[in-house]
Amino acid sequence: MNTLIISTFSCTFEEFKTDVSGFITAMGKEVVSEYEFVQAGEHKSHLLMNVLDNEALEAEMTSDAAKEWDEKNNCKDTVYSIELVE
């Protein structure tokens, strides 16, 4: 499923990208097969992902480590499912 996550945060975009890439890599290709960050501002990102296992992604995003990181970096996420319009 194609997914868009719009995030705002207090750290820099580069710190956000590095840390979130680490979370995604740790989940493995069986959860997220591809992803791409688009910088929408110094403290805003659009993350496009091909998610293969929504439950695993949700578990990671609600884990204690993710909640701690979100709180530390004042991160707020809005998650969208994207469908192809033909």
Side-chain angles (χ1 to χ4, degrees):
M1 173 188 308
N2 290 316
T3 303
L4 167 65
I5 301 177
I6 298 177
S7 302
T8 58
F9 40 85
S10 58
C11 60
T12 67
F13 174 78
E14 286 305 318
E15 290 170 319
F16 175 83
K17 183 177 175 180
T18 298
D19 291 351
V20 173
S21 291
F23 282 117
I24 294 170
T25 300
M27 283 188 285
K29 292 277 189 189
E30 61 276 356
V31 177
V32 176
S33 64
E34 298 177 70
Y35 64 96
E36 180 179 356
F37 290 91
V38 177
Q39 185 173 359
E42 183 57 29
H43 301 286
K44 188 172 185 178
S45 172
H46 295 180
L47 174 56
L48 301 161
M49 302 187 305
N50 185 37
V51 178
L52 303 175
D53 186 339
N54 285 320
E55 290 178 10
L57 177 64
E58 182 180 350
E60 178 62 37
M61 289 183 72
T62 58
S63 70
D64 290 341
K67 288 178 184 177
E68 183 179 315
W69 191 93
D70 287 349
E71 186 174 322
K72 176 183 171 189
N73 293 284
N74 196 29
C75 184
K76 306 289 185 229
D77 298 319
T78 304
V79 182
Y80 298 92
S81 174
I82 302 173
E83 293 183 26
L84 178 63
V85 177
E86 296 186 48

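The model shown is predicted, which means the values in this text are computed figures rather than measured ones. Note that the numbering runs from 1 along the sequence shown for the chain. Atom set for the values below is all heavy atoms of this structure, side chains included, hydrogens, waters and symmetry mates excluded.
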*Heavy-atom check, side chain of Lys76 versus side chain of Thr8, under 4.5 Å*: yes
*Evaluate the side-chain hydrogen bond (donor to acceptor under 3.5 Å, both in side chains) criterion for residues Thr12 and Glu15: first the C-alpha distance (whole Å), next the side-chain angles of each, then the deciding distance (0.1 Å), finally the verdict.*
CA-CA 5 Å; Thr12 67; Glu15 290 170 319; 3.2 Å; yes
*Side chains of Asp70 and Glu68: closer than 4.5 Å at any heavy-atom pair?*
no
_One pair to check against side-chain contact (heavy atoms from CB on, under 4.5 Å): Met1 and Ile82. What are the steps and the verdict?_
CA-CA 7 Å; Met1 173 188 308; Ile82 302 173; over 6 Å; no
_Closest non-hydrogen atom pair, Phe23 against Ala66_ = CZ-CA, 4.3 Å
*Taking only residues two or more places apart in sequence or in another chain, which ones pass side-chain hydrogen bond (donor to acceptor under 3.5 Å, both in side chains) with Thr25?*
none
*Run the side-chain hydrogen bond (donor to acceptor under 3.5 Å, both in side chains) check on Asn73 and Ser10 step by step: do they pass?*
CA-CA 5 Å; Asn73 293 284; Ser10 58; 4.8 Å; no
*How many angstroms lie between OG in Ser45 and CD in Glu36, if you round to the nearest 0.5 Å?*
10.0 Å
*How many angstroms lie between CD in Glu55 and CD in Glu60, if you round to the nearest 0.5 Å?*
14.5 Å
*Non-hydrogen side-chain atoms of Leu52 and Glu30 separated by less than 4.5 Å*: no
*Drop me the distance from Cys11's SG to Glu42's CD, to the nearest 0.5 angstrom.*
9.0 Å
_Residue among Val79, Leu4, Ile24 satisfying side chain to side chain contact (heavy atoms under 4.5 Å, CB included) with Leu47_ = Ile24
*Close side-chain approach of Phe37 and Leu48, heavy atoms under 4.5 Å*: no
*Once the angle between the rings of Phe9 and Phe13 is folded into 0 to 90°, is it parallel (under 30°), tilted (30 to 60°) or perpendicular (over 60°)?*
tilted
_Looking at every non-hydrogen atom in both residues, tell me the closest pair between Ile5 and Ser7 and how far apart they are._
CG2-OG, 3.6 Å
*Please round to the nearest 0.5 Å and tell me the distance separating atom CG of Asn2 and atom CG of Leu84.*
8.5 Å
*Please check if atom CD in Glu58 has more than 12 non-hydrogen atoms from other residues, nucleotides or ligands closer than 6.0 Å.*
no
_side-chain contact (heavy atoms from CB on, under 4.5 Å) for Tyr80 and Ile6? Distances and angles first, verdict last._
CA-CA 8 Å; Tyr80 298 92; Ile6 298 177; 3.8 Å; yes
*May I have the step-by-step check of side-chain contact (heavy atoms from CB on, under 4.5 Å) for Leu57 and Met49, ending in yes or no?*
CA-CA 11 Å; Leu57 177 64; Met49 302 187 305; 3.7 Å; yes
*Euclidean distance, Tyr35 OH relative to Lys17 NZ, rounded to 0.5 Å*: 8.5 Å
_I need the Cys75 SG to Met61 CE distance, nearest 0.5 Å._
8.0 Å
*Any donor-acceptor pair under 3.5 Å linking the side chain of Thr3 with the backbone of Val51?*
no
